[in-house]
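Values in this document were obtained by computation on a predicted structure and should not be read as measured data.
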Amino acid sequence: MDGTASGVDITYGSDSDSRQGPNAVPWQASLPRDDSGKTLYYAVTAQLNSGGDITCEVLVGTKVVAAGHASGGYNICSAQIGQDFLGTWQKE
C-alpha cells in the first residue's frame, strides 16, 4: 500500500482471518496462501481519514492480481482476490 494519505484505517486478511493494519502508508504485509480451497478470498481495504491519495494491491507471489485506488476525504481503497474452481487466484 502506497500513497500520500496522512492517516488511514487499514484492514486485511481472508474470509477466516481479519486483521488490523497500521494507520500510515507506505505499508505491506504477507500472509500464508491457502491453496486448499478452504479460503474463499483475501482482501485489503484502507479508508482515508481526511484526504490524500492511496493505492492498494493484493499479490500472489510477485504478481499483482487485484488493485484499487482512492483519493479525497474518507474514501475507501479496496482490492480482493478469490480462488476459482481450477485453483487459480483472480480478481473479484
Can you check whether G13's main-chain N or O pairs, donor with acceptor, with D17's side chain at less than 3.5 Å? no

Which value, rounded to the nearest 0.5 Å, describes the distance between H69 atom NE2 and N75 atom CG? 10.0 Å

Please report the closest heavy-atom contact between V8 and A24, naming both atoms and the distance. CG2-N, 3.9 Å

So, do V44 and V58 sit near enough that their side-chain heavy atoms are less than 4.5 Å apart? yes

Checking D84, D35, T39 against W89 for side-chain hydrogen bond (donor to acceptor under 3.5 Å, both in side chains), the one that qualifies is D35

Rounded distance (nearest 0.5 Å) linking atom CD of Q20 with atom OG1 of T11: 6.5 Å

Donor-acceptor check, side chain of Y74 to backbone of N49, threshold 3.5 angstrom: yes or no? yes

Determine the sole option in L48, I54, D53 for which the side-chain contact (heavy atoms from CB on, under 4.5 Å) test with T4 is passed. D53

Between atom OG1 of T88 and atom CD of Q83, what is the distance when rounded to the nearest 0.5 Å? 8.0 Å

State, to 0.1 Å, how close A67 and K91 come at their nearest heavy-atom pair, and which atoms those are. O-NZ, 4.4 Å

Where is the tightest heavy-atom contact between A5 and V25, given as atom of each residue plus distance? O-CG2, 3.8 Å

Contact check, side chains of Y12 and L31, non-hydrogen atoms, under 4.5 Å: yes

What about Y42 and W27, same hydrophobic cluster or not, with Ile/Leu/Val/Met/Phe/Trp/Tyr joined at side-chain heavy-atom distances under 4.5 Å? yes

Quick one, I10 and N23 - any side-chain contact, counting heavy atoms below 4.5 Å? no

How many angstroms lie between CG in D15 and NZ in K38, if you round to the nearest 0.5 Å? 12.5 Å

Could you list all the disulfide (SG to SG under 2.5 Å) pairs where at least one residue sits in residues 60-92, not counting sequence neighbours? C56-C77

Kindly check if the number of other-residue, nucleotide or ligand heavy atoms within 6.0 Å of CD (Q28) is above 12? no

